[in-house]
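What follows is a single structure, written as structure tokens, with notes after it.
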Amino acid sequence: MNDKVLFWFRNDLRMADNPGFYEACLSGEVLPVYILDHNIDIGSASKWWLYYSLNKLNDSLQNHLHVVSGDSESIILDMCKTYRIERVYWNKSYEPFRINQDDKIQKVLAEHNISTSTYNGSLLWEPQKVTKSDGTPYKVFTPFYRKGCLQSEVPRYTVSAPKNLKLFKIPKQYGIKELGLLPSNNWYKKFDNHWEIGEVAAQEKLHNFINSGLNGYKEQRNYPFKKNVSRLSPHLHFGEISPNQIWYTIIEKIGNKDVDHFLSELGWREFSNYLLFHFPNLNEINFQRKFDDFPWKFNNELFSAWTKGETGYPIVDAGMRELWQTGYIHNRVRMIVASFLVKNLLIHWHYGRDWFWDCLVDADLANNSASWQWVAGSGADAAPYFRIFNPVIQGEKFDINGEYTRRFVPELSLLPNNYLFKPWEASKEILNRSSVELGKTYPFPIVDLRETREIALNSYNVIRGV
DNA sequence: TGAAATGTTGGGGCG
DNA sequence: ACGCCCCAACATTTC
């Protein structure tokens, strides 16, 4: 029982309901390690989050977290050899790179008589366990979720945080600061006002959501100004909270359409991870290969206007500026800005994927891949390509009083509601009165909606039969 | 988790 | 009073 073991933290930066860490603590004296693996790309906004999350975790670990950057395999092997560690624990990742890396590390450690124990701490249903009766993976969400998930075994029950921490330290070369997660400029400071990071904050956010957002969730989640979305995504990505903790907390509530709908959103997260597991190229390759022939037209000026929130379409610009200012976009608005990029600017979803990857604090390989393919129409169970969002109508429908748009596009805040989403239709008098000068204080629309929609539909017809 | 085009219906103005 | 037209309002089809 006095064995020395290593627990390898990855995207499971929490003490409670951490099955691997729990078992590690039962088995001996634990060295908790986080490795910033230089083989794995992390976006800028995510690095910002990770920096604070590691600090919170380190606090919970009584300053015992050992952080190091480099190659996971050689680092773990070296530590085990140097400090006579005989067993290594971690929670599984279901991302393609991690799966291969984990396999390799297990083999290498086994060759040195170091045993490994791995656990599922991040998914309600492990992807390899869910298949159709013919053994092939589901490609449609509803049967995947209803039949494949809900009708199979119930998700793993949660475990508490380890009772008695027996941790040990090894000499450190450097601390969390020296991982270089925070950039030298100060662009990220604007995020500070929008997020509380770490396990405690994640639990608080869950309970706040249950108290003030869950009721009415199914309908109200579409309105970006309302407080009816949980905003738990970055906490989930970094594992500050587990889906099991959310699942079993929510499911205790009286079942209704809001509860079911919220749980099904966790189901979509499962589906994304499931797709990435079974189709490891999902981040690169069109799930529907006929989209390989789609005539995308990259245009740097248009793309740049999209990233800056200067498209001339207020709801799109509001979303892109929310992203820039907070590292997050409300779900409804994500669909609007993504649809605009792919179907009005006709720019390949890879460009949107990369921008989101760098800017989102909740950037997640599975969700980012699956969701961009969903919007682009190239994905599994995707939105049909011809479903093209009209940003004027979407704004009028879902930002009814314009609070969201006015918040992020303040130069339009004096415009009356009926022109807020189409300022180019307002008369000179109204524009004057609202202190808006198109082309100066706010751009003209960078593309024509009707025209680009037609081009998109025609382009789609080209690949349809392929 | 669409929107535009097209079709249908019914009330009201008007000769 | 009646038919005709117009056009909301709603439903259906198409992309």
Side-chain angles (χ1 to χ4, degrees), chain A residues 138-146 213 216-226 228-231 233 257-272 274-275 287-288 290-291 293-295 313-316 318-319 328-346 349 352 356 362 366-400 404 421-422 425 445 447-466:
Chain A
Y138 287 98
K139 293 176 181 175
V140 180
F141 172 73
T142 303
F144 161 79
Y145 181 58
R146 296 235 178 101
Y217 175 76
K218 189 180 193 303
E219 310 296 333
Q220 309 301 317
R221 63 188 292 274
N222 284 308
Y223 300 90
F225 191 71
K226 297 192 175 174
N228 291 87
V229 291
S230 73
R231 297 172 72 96
S233 51
K257 62 184 190 333
D258 295 322
V259 167
D260 289 346
H261 200 94
F262 184 75
L263 294 178
S264 81
E265 294 299 322
L266 288 177
W268 275 97
R269 175 179 178 277
E270 298 287 316
F271 190 49
S272 297
Y274 179 84
L275 289 174
F287 184 86
Q288 299 179 45
K290 66 183 179 191
F291 275 82
D293 296 320
F294 193 93
Y313 288 100
I315 190 73
V316 174
Y328 176 90
I329 313 183
H330 182 277
N331 177 257
R332 163 63 53 178
V333 188
R334 282 189 205 206
M335 295 191 288
I336 299 170
V337 301
S339 170
F340 186 78
L341 180 78
V342 171
K343 297 180 183 181
N344 293 109
L345 302 185
L346 294 160
W349 60 269
F356 272 26
D362 63 22
N367 290 327
N368 205 38
S369 318
S371 301
W372 272 102
Q373 293 227 36
W374 184 89
V375 171
S378 64
D381 199 14
Y385 186 81
F386 49 77
R387 278 192 193 162
I388 298 174
F389 288 69
N390 179 322
V392 177
I393 294 172
Q394 287 285 318
E396 289 168 344
K397 228 166 152 174
F398 295 109
D399 190 22
I400 298 170
Y404 174 81
F421 300 103
K422 42 186 178 190
E425 284 189 10
V447 292
D448 181 81
L449 290 182
R450 178 183 284 262
E451 190 184 310
T452 50
R453 179 176 187 276
E454 282 311 305
I455 299 173
L457 289 172
N458 290 335
S459 305
Y460 178 60
N461 281 332
V462 172
I463 65 163
R464 247 165 62 159
V466 179

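In what follows, every chain begins at residue 1, and chains take the letters A, B, ... in the order their sequences are listed.
- As rounded to whole Å, 15 Å separates atom P of B/dT1 from atom CZ of A/Phe386.
- Rounded to whole angstrom, the span from the NE2 atom of A/His330 across to the P atom of B/dT1 amounts to 14 Å.
- The nearest whole Å value for the distance from the CZ atom in A/Phe398 to the P atom in B/dT1 is 9 Å.
- The side chain of A/Arg450 approaches B/dA5 more closely than any other nucleotide in the set B/dA3, B/dA5, C/dC15.
- The distance between atom CG of A/Leu449 and atom P of B/dA4, rounded to the nearest whole Å, is 9 Å.
- The aromatic rings of A/Trp268 and A/Phe271 sit perpendicular, their planes meeting at an angle over 60°, well past the 30° parallel limit.
- Nearest to the side chain of A/Trp268, among B/dT1, B/dA3, C/dC15, sits B/dT1.
- The phosphate of B/dG2 has neither OP1 nor OP2 within less than 4.0 Å of any side-chain N or O from A/Lys343.
- Note: NZ (A/Lys397) to P (B/dT1) measures 10 Å, nearest angstrom.
- For B/dT1, the OP1/OP2 oxygens have no side-chain nitrogen or oxygen of A/Asn331 closer than 4.0 Å.
- With hydrogens and angles left out, the side-chain atoms of A/Gln373 and A/Ser378 include a donor and acceptor closer than 3.5 Å.
- One finds a side-chain N or O of A/Gln394 lying less than 4.0 angstrom from the OP1 or OP2 phosphate oxygen of B/dA3.
- Distance CZ (A/Phe340) to C1' (B/dG2): 16 Å, rounded to an integer number of Å.
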* Verify salt bridge (charged side-chain N to carboxylate O under 4.0 Å, His left out) between A/Arg334 and A/Asp362, making sure each step is shown before the conclusion. => CA-CA 13 Å; A/Arg334 282 189 205 206; A/Asp362 63 22; 2.7 Å; yes
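- Remark: A/Arg387 is not in phosphate contact with C/dT14, judged by side-chain N or O atoms under 4.0 Å from OP1 or OP2.
- In this structure, A/Phe340 has its ring center at least 6.0 angstrom away from the ring center of A/Phe389.
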* **Intermediate values then yes/no, salt bridge (charged side-chain N to carboxylate O under 4.0 Å, His left out), A/Glu219 and A/Lys257** => CA-CA 10 Å; A/Glu219 310 296 333; A/Lys257 62 184 190 333; 5.4 Å; no
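- Between the P atom of B/dG2 and the CD1 atom of A/Ile315 lies a distance of 16 Å, rounded to the nearest Å.
- Distance NZ (A/Lys422) to P (B/dA3): 13 Å, rounded to an integer number of Å.
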